[in-house]
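Each remark here refers to the structure printed beneath this line.
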Protein chains: 2
Amino acid sequence: MGTISKALTLLDTLSLMQSEAGLTEIAKACDLDKATARRFLVELEKHGFVEQLAESRKYRIGSAPVRLGRIREACYPFLRTAMPFVKRLVEEVDETVHLSEFTGGRLSTVHVEDSTKAHRVFVAVGTLLPFHATASGLAFISSCPAADIEAAISAPLQSYTDYTLTDPASFRQSIEQTQADGYSVSRQGLEAGVISTSAAILTPGARPVGCITIAAPLVRADAGKVREHGLAAASTARRISDAFFGADRQVRTVPQSRRTN
Amino acid sequence: MGTISKALTLLDTLSLMQSEAGLTEIAKACDLDKATARRFLVELEKHGFVEQLAESRKYRIGSAPVRLGRIREACYPFLRTAMPFVKRLVEEVDETVHLSEFTGGRLSTVHVEDSTKAHRVFVAVGTLLPFHATASGLAFISSCPAADIEAAISAPLQSYTDYTLTDPASFRQSIEQTQADGYSVSRQGLEAGVISTSAAILTPGARPVGCITIAAPLVRADAGKVREHGLAAASTARRISDAFFGADRQVRTVPQSRRTN
DNA sequence: GCAATCGGTTCACTATTCAAACCGACGCTT
DNA sequence: AAGCGTCGGTTTGAATAGTGAACCGATTGC
């Protein structure tokens, strides 16, 4: 593993620690030598990727990623890219489809497209989606590194309905099922009478950035429908990912003064 | 300069290039060897900080900074941190105060707090603030690296009123004045009858992240008032910066015995 | 078909990183 | 107040990783 990878892993690890962390703690968490961790932190700090608090001497994530993230979002906005695919999916399955995004350690709904049916599921933009109680959460966590999965499983599992997965073992089994299928299903996990199917939208590096989820009334969703929704969601997720990361979007050809020295 | 610094500089440089860039172009821009630039890009890509487009082979900034930036914003939100200071400033000067933030290459208004006076200036959240035509823009650009300043000066300078600075020379002079004063002034640059004073909110690394701006009707703002507003804005900007980046950032108290670059 | 340039690779040379011991400071217990 | 554990931070030479000039094959323009 190269130096840069290690430094970025440190940054990642630091971002996952809630609040600030001390040098020794960081070094331990990243499995780095204290001296090395310190040098990394100093270099990262120079560029604003981490900050050190003067009095406590602790480190926390800096504001540089905010700046870079905004530039990225301004050039290649996730929502605008994904929207047409969400609409297409609604037309295909005629059920409410919502798009979620991982934000500050939490998965939340960023866009909802309703089905045309009178009897349909309503989802509010901004809804937080627990990993264990929603199809979106399941799809998301199932694509995360093993460490995150374990953390999610061992966290307290709040119950929302009589059907919420509150048992770590069944949560784990659902994750495994999701990984095998390529999509997740949550039967009344968050709200009674609703069955949701979801697939994670992945970066080229296979990190999940969000989910595309179909929410249908229980009465309309037999096993066949659920599978159909799952496959449709997975296929849409892949297409969003391609559009967002892969396929050349050719935003604008750089005017580019005559270089060629 | 260490490997990590070089890699982060590359990331920074890439973020400043609008659209995608090729390997050779990036290497040249960062003054790195092609081989080195490539290794950096590969490592950065592994962590999602850059992406390579499959067919054009070009690189662009990735989605990892978005994720990190969101975590940072969730833990230490700029707006929530700055708001009380904005309110305090309104009480102090009793004129409309607005807070702007640099977002994806543009400066825009993110919050407005009105004065209690009936005759006051109205500013809409979301307003884009051109560098040459607003106090906010002037304050912001004046705290940027020289290269950005030159780029702003040589960009086309759109006229909004009869008083807008459309001449590069006077624009440059205003920037120099701003740097000398620690605050900026725009007399009717964007809208007739309004005089604004602004100060940039800086990171510990002296990068501007946004501005705090006082907008007053021209009739109420004599030279003394303008100076008073300028100093109040500068002082508030500093306090926001302190609150946001660590209430206690001073010169290192640690004996930095070894001066590693 | 030549020249220039592209993205990407190789490999001898060299700068960085590692690990462990160390320092002074702080906080706790006795 | 002495003893202990831990903190952030530093030093050391041996081990390891990064570096960059030259190179490769593929495109592109003339």
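Below, chain A is the first sequence line, B the second, and so on; all start at residue 1. The figures here come from the full heavy-atom set of this structure, side chains too, leaving out hydrogens, waters and symmetry mates. None of the values given here were measured: they were computed from a predicted structure.
Distance B/E43 CD to C/dT16 C1': 14 Å, rounded to the nearest Å. Note: CG (A/L32) to P (C/dC18) measures 6 Å, nearest angstrom. Rounded to whole Å, the distance from NZ on B/K28 to C1' on C/dG8 is 16 Å. Atom-to-atom, CD of A/E25 to P of D/dG9 comes out at 13 Å; the value is rounded to the nearest Å. Here D/dT10 presents its P atom at 12 Å from CG of A/L41, a figure rounded to the nearest Å. Whole-Å rounding puts the A/F40 CZ to D/dT10 P distance at 16 Å. In this structure, the CZ atom of B/R39 is 15 Å from the C1' atom of C/dG7, given to the nearest Å. The CG atom of B/L23 sits 11 Å away from the C1' atom of C/dT9 (whole-angstrom rounding).
The base of D/dG20 lies outside donor-acceptor range of the side chain of B/K34, with no N or O pair under 3.5 Å.
Between A/G22 and A/I4, the residue anchored closer to the 5' end of DNA chain D is A/G22, taking for each the nucleotide with the nearest heavy atom.
Checking B/S235 against B/R239 by side-chain atom types alone, a donor-acceptor pair falls below 3.5 Å. Side-chain contact check for B/S136 and B/T213: at least one donor-acceptor pair (N or O, by modelled atom type) lies under 3.5 Å. In this structure, a donor-acceptor pair under 3.5 Å is absent between the side chains of B/H47 and B/E45. Counting only N and O atoms by type, the side chains of B/R39 and B/T36 include a donor and acceptor under 3.5 Å apart. Looking at B/Q179 and B/S142, their side chains never bring a donor and an acceptor atom within 3.5 Å of each other.
Checked by atom type and distance alone, the side chain of B/E43 pairs as donor or acceptor with a backbone atom of A/S5 at under 3.5 Å.
The phosphate of C/dC18 has OP1 or OP2 within less than 4.0 Å of a side-chain N or O from A/T36. Contact between the side-chain N/O atoms of A/T3 and the OP1/OP2 oxygens of D/dG18 is found at a separation under 4.0 Å. When the side-chain nitrogen and oxygen atoms of B/R38 are compared with OP1 and OP2 of C/dG7, none of them lie within a distance under 4.0 Å. Listed pair A/Y59 / D/dG9 meets the phosphate criterion, a side-chain N or O lying under 4.0 Å from OP1 or OP2. Contact check, A/R57 against D/dC7: no side-chain N or O comes under 4.0 Å of OP1 or OP2.
A salt bridge between A/R207 and A/D12 is present, with a side-chain N of the basic residue lying under 4.0 Å from a carboxylate O of the acidic one.
The side chain of B/D33 lies closest to D/dA21 when the candidates are C/dA20, D/dA21, C/dT17. Of the candidates C/dC6, C/dC18, D/dT19, the closest approach to any side-chain atom of B/K6 belongs to D/dT19. Comparing C/dT10, C/dA20, D/dC7 against the side chain of B/A35 picks out C/dT10 as the nearest. When the nucleotides D/dG8, C/dT17, C/dA20 are ranked by their closest atom to the side chain of A/Q52, D/dG8 comes out on top.
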Fill in the dot-bracket string of DNA chain C, one character per base: . for unpaired, | for a pair to another strand, ( ) or [ ] for pairs within the strand, taking Watson-Crick or G-U pairs under 3.5 Å. ||||||||||||||||||||||||||||||
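Under a cutoff of 6.0 Å and an axis angle of 45°, B/R60 and A/Y76 form a cation-pi pair.
Contact annotation for A/K58: no contact, since no heavy-atom pair falls under 4.0 Å across all strands.
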